[in-house]
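The structure under discussion appears below in the form of structure tokens.
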Protein chains: 2
Amino acid sequence: MALQQASAMNSDTALSGRLAWMGRIDASEPLRAAGSVVHVREGEEIFAEGETTEAFYKVVSGVVRVCKFLSDGRRQIEAFHVAGEIFGFELGNDRLMSAEAVSDCSLVSYRKRGVEMLAQKDHAVGNQLFHHAMWNLARAQTHALLLGRRGAAEKVATFLLDWARHSTGKGVIHLAMTRQDIADYLGLTIETVSRTLSQFERDGLIALANTREVRLRNMEGLETLAA
Amino acid sequence: MALQQASAMNSDTALSGRLAWMGRIDASEPLRAAGSVVHVREGEEIFAEGETTEAFYKVVSGVVRVCKFLSDGRRQIEAFHVAGEIFGFELGNDRLMSAEAVSDCSLVSYRKRGVEMLAQKDHAVGNQLFHHAMWNLARAQTHALLLGRRGAAEKVATFLLDWARHSTGKGVIHLAMTRQDIADYLGLTIETVSRTLSQFERDGLIALANTREVRLRNMEGLETLAA
DNA sequence: CGCTTAATTGATCAGGGTCAATCGTGGTGG
DNA sequence: CCACCACGATTGACCCTGATCAATTAAGCG
């Protein structure tokens, strides 16, 4: 059953909680006892590499980046997390990654130990965590493909199309993150990201209102680039 | 309990099976009914992207590569799997990756549906799968860091050190895979891999007996490069 | 209204890709 | 048994993408 349920579940059950999503805690929510709401401001650290893993989180609103650093300061952003997603769950005691708020965020924090105990009684909790792990695994694998084998234009086009899915409406993307964040996510420099976006604009693929607002003018063209 | 066990487990419990490792199936093994031994020869396909996910596998002996292809034929190897590791488990119905035998392999194949049912009764099975997912997630994230932010020398040095851990003895690495495999794993070309290895040899970091046999001459030096 | 930080743009450089030739090795068949 | 062949690996010459260095512009914010 564990796996059956996991296969069948969409992303809005059990631990996920439509309720947590809305920022409330309800008595019928299996994790009501374990979760507490936290607010973090833009740029604030949520946890850091090397710390002890005491909690994990679910995004209620805002965007979170999870990343690793190299000794020389280079940074790789592993993923951006948006409303409804779980991040920061690790098996080991020590964190392998750090997390920061890209924008002001509301999170639900779950004490890892508490949830471990809860999971004994409610398998839906374990299932949700399993589902989360498999989902993030698939995402990390796709990300690796992007990083390893694609050129700058392909990377940026893919990023825009991915992010468009998270955005509210028809062809207007609100980027929560800076160019530096995008660069560190795509394994590029800030200059290359900027140049590529400018080129896309010249080519009529997109229009840049603000730095943070991208209008899709030719989605097909982008999809061709993203290949 | 689900999570507690998962945290505490090492990689040689439950579904893993010291027994399966040794190529036998024992009556006390929870998965004895679900698993069957398969042999695949070097270069043979185990499953392909797009197929229906009916089984997953555990490596008994040999090396397996799991990879994705781009439309133009470029390939990204997501991971090499060695004895004791599980691969090919996916939530969705359709496979996102393909798998091939790098060398002659013995595998244990588990019917996905069978294990799903078994997992209802034996939580150790679900725990092991969960552990596997989290382990592979951490690995994929490390891999993404390698691909996104490191130069050729750093990549190759990291690869050699990683692979040295899988190798039997003190400083002699047997590479199961071709240069092309290494290149596709590291997001490089075959030529760059070759040049980098030659350079390492000139620098006294390694010695290349065969194409497939690498002697570590200066592990510290490599570790410095891998940074 | 300056001050600070992010983004864009330009000029140059280098790491790694591409194309091409050669070498080495193992397998096959005469 | 050895010559030949096929394929992988190595090496070289050159090129191109994206990094680096540097200057300018734009945008928040006190």
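Because only heavy atoms are used, hydrogens play no part in the values below, and waters and symmetry mates are left out as well, while side chains stay in. Source: prediction; values computed, not measured. Every chain is numbered from 1, with letters handed out A, B, ... down the list of sequences.
Listed by chain and residue number, B:Asp162 satisfy the salt bridge (Lys or Arg N to Asp or Glu O under 4.0 Å) test with B:Arg165 (two or more places apart in sequence, or in another chain). Under the rule for a ring pair (Phe, Tyr, Trp, His ring centres under 6.0 Å), B:His132 has no partner lying at least two apart in sequence or in another chain. Residues passing the side chain to side chain donor-acceptor pair (under 3.5 Å) test with A:Glu78, sequence neighbours excluded: B:Gln141. Not counting sequence neighbours, B:Arg179 has no partner by the side chain to side chain donor-acceptor pair (under 3.5 Å) test. Every residue two or more places apart in sequence or in another chain that forms a side chain to side chain donor-acceptor pair (under 3.5 Å) with A:Arg202 is listed here: A:Gln199.
In this structure, CZ of A:Phe200 is placed 17 Å from C1' of C:dA7, rounded to the nearest angstrom. B:Ile190 has its CD1 atom 18 Å from the P atom of C:dT22, to the nearest Å. Residue A:Leu175 contributes atom CG, which lies 13 Å from atom C1' of C:dA7 at whole-angstrom precision.
Each end of the helix from C:dC1-D:dG30 to C:dG30-D:dC1 yields a helix axis from five base pairs, and these two axes differ in direction by 30° (to the nearest 10 degrees).
Comment: A:Glu49 does not engage A:Arg95 in a salt bridge, judged by the lack of any side-chain N to carboxylate O separation of less than 4.0 angstrom. A salt bridge links A:Arg65 with A:Glu100: the distance from a Lys NZ or Arg NE/NH1/NH2 to an Asp or Glu carboxylate oxygen falls below 4.0 Å.
Listed by first and then second residue, the side-chain hydrogen bond (donor to acceptor under 3.5 Å, both in side chains) pairs that reach into residues 147-160 of chain A are A:Arg149-B:Asp184, A:Glu154-B:Arg74, sequence neighbours excluded. A side-chain hydrogen bond (donor to acceptor under 3.5 Å, both in side chains) check over residues 216-227 of chain A, counting only residues at least two apart or in different chains, returns nothing. For residues 167-194 of chain B, the set of pairs meeting the ring-ring contact (aromatic ring centres under 6.0 Å, His included) definition, not counting sequence neighbours, comprises B:Phe80-B:Tyr185, B:His143-B:Tyr185, B:Phe159-B:Tyr185.
Take the nearest nucleotide of DNA chain C for A:Met177 and for B:Gly151: the residue whose nucleotide is more 5' is A:Met177.
Across every non-hydrogen atom of A:Ile86 and A:Asn136, the tightest pair is O-ND2, 3.8 Å.
A heavy atom closer than 4.0 Å to some atom of DNA chain D occurs in B:Glu191, B:Ser194, B:Arg195, B:Ser198, these being the qualifying members of residues 191-199 of chain B. Within residues 202-217 of chain A, no residue has any heavy atom closer than 4.0 Å to DNA chain D.
Test B:Phe56, B:Tyr57, B:Phe89 against B:Tyr110 for ring pair (Phe, Tyr, Trp, His ring centres under 6.0 Å) and you get one pass: B:Phe56.
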Q) Please walk me through it: do B:His81 and B:Val63 pass side-chain contact (heavy atoms from CB on, under 4.5 Å)? A) CA-CA 6 Å; B:His81 290 285; B:Val63 178; over 6 Å; no

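In the 5' to 3' direction, nucleotides of DNA chain D lying under 4.0 Å from heavy atoms of chain A begin and end at D:dG18 to D:dC21.
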